[in-house]
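Structure record follows, encoded as structure tokens.
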Amino acid sequence: DVKVTQSSRYLVKRTGEKVFLECVQDMDHENMFWYRQDPGLGLRLIYFSYDVKMKEKGDIPEGYSVSREKKERFSLILESASTNQTSMYLCASSLAPGTVFNQPQHFGDGTRLSIL
Amino acid sequence: GEDVEQSLFLSVREGDSSVINCTYTDSSSTYLYWYKQEPGAGLQLLTYIFSNMDMKQDQRLTVLLNKKDKHLSLRIADTQTGDSAIYFCAESPGPYGGATNKLIFGTGTLLAVQP
């Protein structure tokens, strides 16, 4: 079974702090994703990565950055946390399509982040 | 632009069938997915359908796809209290979602099952 592990289930930080959210997958997946989930808005893609050191902006990248130094680990960074970044953050991973095109995303359990 | 729409809430009685609906916009989407999210957890892949299929059945789950209307539905037979969760529809835009396999998610439908 694919396992996607997010380092914290709950996190409380203060406005202006630099915040790191970590995600690790154990299935040698090429693609990794960071979403935020807010009531009534569903999941919105922040950033994704399709290879080590490669990244692309998603739909809402402002205020965030990411790091992918190793294939199994994808970090989301809030450079200077603000209260409007209070949310549930979900990490996912998938294989690249390659010759088998259906490669669903597998999700971690999420990190509920509160910025005070 | 790309958009996936779902109703926000559905309430059913235990033992009844539930039907959760979804509309999407990208006619080139190759795969469409249903994910389930239980309280406090991440998303769990329930089932998916390839765009050249009209229907897929998997135990209590039936997925119907109307490609002409870009309408997807998930039917849960004999709904149980353990089915209470948020259900997300997702499309893989463009041929095979492109190299990055991006997904576009709907807003989610909260299914409440009354005993």
Side-chain angles (χ1 to χ4, degrees), chain A residues 1-10 21 23 25 29-51 54-60 68 74 88-112, chain B residues 1-9 20 22-25 28-53 56 58 63 65 85-110:
Chain A
D1 269 1
V2 177
K3 188 145 181 71
V4 179
T5 303
Q6 294 184 231
S7 53
S8 304
R9 292 297 303 274
Y10 301 94
L21 302 184
C23 175
Q25 48 93 5
H29 284 173
E30 289 82 8
N31 299 332
M32 295 188 76
F33 306 82
W34 273 107
Y35 296 89
R36 65 177 281 176
Q37 181 183 6
D38 300 287
L41 296 177
L43 272 70
R44 293 180 291 167
L45 182 64
I46 304 171
Y47 266 99
F48 62 96
S49 168
Y50 50 91
D51 203 350
M54 306 303 287
K55 60 186 179 186
E56 283 196 24
K57 293 179 181 178
D59 300 318
I60 52 163
R68 191 149 181 221
F74 192 35
M88 169 76 109
Y89 290 87
L90 291 163
C91 175
S93 72
S94 74
L95 286 166
T99 56
V100 178
F101 293 108
N102 180 24
Q103 300 292 1
Q105 293 182 17
H106 300 267
F107 283 81
D109 286 336
T111 296
R112 188 163 291 283
Chain B
E2 302 154 344
D3 202 9
V4 179
E5 293 188 354
Q6 300 178 241
S7 54
L8 290 180
F9 184 72
I20 303 170
C22 169
T23 56
Y24 61 97
T25 54
S28 67
S29 287
T30 309
Y31 285 96
L32 295 128
Y33 301 88
W34 284 103
Y35 282 85
K36 176 184 181 183
Q37 184 182 36
E38 296 180 348
L43 273 67
Q44 169 197 354
L45 178 66
L46 269 185
T47 187
Y48 63 89
I49 188 166
F50 188 48
S51 59
N52 69 352
M53 298 167 66
K56 180 179 180 181
D58 184 1
V63 179
L65 176 61
I86 302 175
Y87 291 80
F88 290 93
C89 163
E91 65 168 338
S92 186
Y96 313 115
T100 54
N101 216 39
K102 282 175 64 177
L103 295 180
I104 305 297
F105 286 87
T107 52
T109 299
L110 174 61

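The chains referred to below are lettered A, B, ... by the order of the sequence lines, with proteins before strands, and numbering in each begins at 1. Bear in mind the structure is a predicted one, so any value in this text is a computation, not a measurement.
Looking at every heavy atom in both residues, A/Y35 comes nearest to B/L103 through OH-O, 4.2 Å. Among all heavy-atom pairs drawn from A/L41 and B/T107, the shortest one is C-CG2, 4.1 Å. Pairing each heavy atom of A/P104 with each of B/Y33, the nearest pair is CB-CE2, 3.7 Å.
You'll find the side chain of B/Q37 reaches within 4.5 Å of the side chain of A/L90, heavy atoms only.
Neither the backbone nor the side chain of A/R112 comes within contact range of chain B, judged by heavy atoms closer than 4.5 Å. Both the backbone and the side chain of B/L43 come within contact range of chain A, each with at least one heavy atom under 4.5 Å from a heavy atom of that chain. Of the atoms belonging to A/Q37, it is side-chain heavy atoms, and not backbone ones, that fall under 4.5 Å from chain B.
Ranked by heavy-atom pairs under 4.5 Å with chain A, the list B/G42, B/G106, B/G40 is led by B/G42.
Distance alone, capped at 3.5 Å, is enough to place a donor-acceptor pair between the B/Y35 side chain and the A/Q105 backbone.
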